[in-house]
Amino acid sequence: DLAALTKWLIPLADFLGDDAPYDDAGDWLLRDMIPRRELSLLAGAPKVGKTWIAIDMAIAIASGRDWAGFSCTLGRPARVLFVEMEDNRRRVSKRVYELLRGQGVALADLEDTLRISDKLVRWPLGNMDAFVTELKDCGWIPDLIIIDSLTRVMNGDQNSTRDAAAFGAGVTQLSRELGAAVCLIHHTRKAKADEAGSNQAPGQNEVRGSGDLVALARHIVIVGKGEGDTISMRSFGNIGEELESHLKLQRSIDSDGRHQTRISRMDASEARQLSRGRPDVTQAIVEIIGGAGERGIGIKALYEMVPEKL
């Protein structure tokens, strides 16, 4: 039997399985956001809402629900491990409780599906082996590991090709050994003038660090600050379409006087309105002055007319 004697010469039928996939649902844990058993990046500037999004996604996936219009494809509540190394426990706890109330999910509903850790994890040349061993020994294998952030977990220089390759190998090993999706929260960087004609894939030149590091990700989601309490999201990858969407954060007080936060995707009409951007104050002033002709216009009158023009 060839299969019994060899490690690499896998018969084609054994490799392919019984039937071809009829759609791409098996590629995703959360469709168009988190690929299944692969590495993804959720990147954005500081304080833009990355952690809010990541925690809210974790709650939805761990309860088997769709999130903000994106389908949870597993067909059951997934086990999610959230490794939080950016914020302190008190701040994280407040956010989790607010988002639980926003989704209407009880803490008891996530007893076996959501774990949050603030213990340090580092690799390569860190404690990843001990991390994996603990998960296996406990018999609690996650479907998704979210790590906040890449900067905290990576040993080495993000801009070094060699260090990025070593880190990427560790993340790939983690994903394959556990059969888990891994989502790394990371930062974007300011674009440089000489990158305007870059031949990198869309989104790659916006993420901080070596291009080799970014290229390892199957899917990238870029998060940006929108108008008011809105967040823009652009997703790029090689297993789905490039998508742009907008989220809104709705904060309120529940009937018991407790804070709650709900994150939802804006519908098409809201997004179109948002895409028009802020009113152009400068253009409004130019039009008012031009309409006044030779008689001109006083500062007080101009001040009163600008809001009407907008």
Side-chain angles (χ1 to χ4, degrees), residues 29-30 33-34 40 42-72 77-119 142-152 183-188 221-235 245-267 269-271 273-274 278:
L29 190 60
L30 188 67
M33 287 293 292
I34 299 179
S40 59
L42 177 65
K47 310 299 181 184
V48 79
K50 300 184 299 295
T51 302
W52 282 100
I53 289 173
I55 294 174
D56 205 49
M57 282 196 304
I59 292 170
I61 294 169
S63 58
R65 301 181 178 200
D66 296 345
W67 177 79
F70 297 96
S71 301
C72 187
R79 285 181 169 178
V80 181
L81 173 60
F82 198 108
V83 181
E84 175 54 68
M85 293 184 287
E86 285 285 336
D87 293 322
N88 61 54
R89 185 173 294 193
R90 175 178 171 80
R91 179 175 297 177
V92 174
S93 297
K94 289 177 66 177
R95 290 183 177 184
V96 170
Y97 275 114
E98 282 191 34
L99 291 166
L100 282 171
R101 296 183 197 114
Q103 290 196 36
V105 176
L107 189 63
D109 295 340
L110 305 177
E111 182 63 30
D112 187 52
T113 56
L114 180 59
R115 296 284 188 273
I116 301 178
S117 173
D118 57 0
K119 304 303 181 184
D143 298 290
L144 170 62
I145 301 172
I146 300 175
I147 298 176
D148 190 7
S149 63
L150 184 152
T151 301
R152 299 289 186 185
C183 178
L184 296 171
I185 302 176
H186 194 32
H187 296 291
T188 49
V221 177
I222 304 292
V223 178
K225 180 66 175 173
E227 299 291 332
D229 284 334
T230 67
I231 296 173
S232 65
M233 291 197 315
R234 291 175 295 120
S235 60
S245 54
H246 298 273
L247 305 176
K248 53 185 177 183
L249 278 70
Q250 297 170 297
R251 295 181 172 91
S252 59
I253 305 295
D254 69 10
S255 58
D256 294 320
R258 301 171 302 180
H259 291 276
Q260 60 183 9
T261 299
R262 182 171 181 268
I263 299 177
S264 59
R265 184 153 44 155
M266 302 176 73
D267 62 32
S269 61
E270 290 177 303
Q273 181 67 29
L274 186 67
R278 294 180 178 177

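Taking Arg265 as the reference, nothing meets the salt bridge (charged side-chain N to carboxylate O under 4.0 Å, His left out) condition, with sequence neighbours excluded. For Asp118, the salt bridge (charged side-chain N to carboxylate O under 4.0 Å, His left out) test picks out Arg89, with sequence neighbours left out. Residues that satisfy the side-chain hydrogen bond (donor to acceptor under 3.5 Å, both in side chains) test with Ser264, not counting sequence neighbours, are absent from this structure. For Arg101, there are no salt bridge (charged side-chain N to carboxylate O under 4.0 Å, His left out) partners, not counting sequence neighbours. Residues passing the salt bridge (charged side-chain N to carboxylate O under 4.0 Å, His left out) test with Asp254 are Arg258, sequence neighbours excluded.
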- Message: Show, in sequence, the C-alpha distance, side-chain angles and deciding distance for Val105 and Arg65, and conclude whether the side chain to side chain contact (heavy atoms under 4.5 Å, CB included) test is met.
- Response: CA-CA 10 Å; Val105 176; Arg65 301 181 178 200; 3.7 Å; yes

- Task: Decide side chain to side chain contact (heavy atoms under 4.5 Å, CB included) for Phe82 and Ile145; before the verdict, give the C-alpha distance in whole Å, the side-chain angles of both, and the deciding distance to 0.1 Å.
- Result: CA-CA 6 Å; Phe82 198 108; Ile145 301 172; over 6 Å; no

- What's the verdict on salt bridge (charged side-chain N to carboxylate O under 4.0 Å, His left out) for Asp87 and Arg95, showing C-alpha distance, side-chain angles and the deciding distance? CA-CA 11 Å; Asp87 293 322; Arg95 290 183 177 184; 3.5 Å; yes

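Closest of all the heavy-atom pairs between Ala68 and Leu247 is CB-CD2, 4.0 Å. Scanning both residues, Thr113 and Pro77, for their nearest heavy atoms gives CG2-CB, 4.0 Å. Lys119 and Met85 get closest at one heavy-atom pair: O-SD, 4.0 Å. Ala58 and Leu114 make their closest contact through CB-CD1, 4.2 Å (heavy atoms, listed as atom of the first residue, atom of the second, distance). The two atoms that bring Ala45 and Lys50 nearest to each other are O-NZ, 2.9 Å, heavy atoms only.
The distance from the CD1 atom of Ile61 to the CH2 atom of Trp67 is 9.0 Å, given to the nearest 0.5 Å. The structure places OG of Ser71 at 12.0 Å from CG of Leu29, a figure rounded to the nearest 0.5 Å. For the atom pair NZ (Lys94) and OG1 (Thr261), the distance works out to 10.5 Å, reported to the nearest 0.5 Å. In this structure, Thr151 OG1 and Ile185 CD1 are separated by 11.0 Å, a value rounded to the nearest 0.5 Å. Atom OG of residue Ser245 and atom CG of residue Asp267 lie 12.5 Å apart, to the nearest 0.5 angstrom. Atom SG of Cys183 is separated from atom CE of Met57 by 5.0 Å, given to the nearest 0.5 angstrom.
Ile146 has its side chain out of reach of Val83: every pair of non-hydrogen atoms, C-beta onward, lies at least 4.5 Å apart. Thr230 is listed as a side-chain neighbour of Met266, based on a closest heavy-atom distance under 4.5 Å. Between Val223 and Leu42, some side-chain heavy-atom pair lies under the 4.5 Å cut-off. Side chains of Pro46 and His187 form a contact here, defined as non-hydrogen atoms less than 4.5 Å apart. In this structure, Asp56 and Arg262 have side chains that are not in contact, with every pair of non-hydrogen atoms separated by 4.5 Å or more. Using a 4.5 Å heavy-atom threshold, the side chains of Asn88 and Val92 count as separate.
Using a distance-only test at 3.5 Å, with no hydrogens or angles considered, no donor-acceptor pair links the side chain of Asp66 to the main chain of Gly69. Checking side-chain atoms of Gln103 against main-chain N and O of Ile59 turns up no donor-acceptor pair under 3.5 Å. Between the side chain of Lys225 and the backbone N or O of Gly49, no donor-acceptor pair lies under 3.5 Å.
Residue Ile263 forms a side-chain contact (heavy atoms from CB on, under 4.5 Å) with just one option from Leu99, Ile55, Ile231, and that option is Leu99.
Figure legend: Arg251 and Trp52 shown as a cation-pi pair, the cationic atom lying under 6.0 angstrom from the six-membered ring centre and within 45 degrees of its axis.
Between Asp109 and Ser63, the side chains place no donor N or O within less than 3.5 Å of an acceptor N or O (distance only, hydrogens not considered).
Here salt bridge (Lys or Arg N to Asp or Glu O under 4.0 Å) pairs that include residues 77-86, with residues two or more places apart or in two chains, are Arg79-Asp112, Glu86-Arg152.
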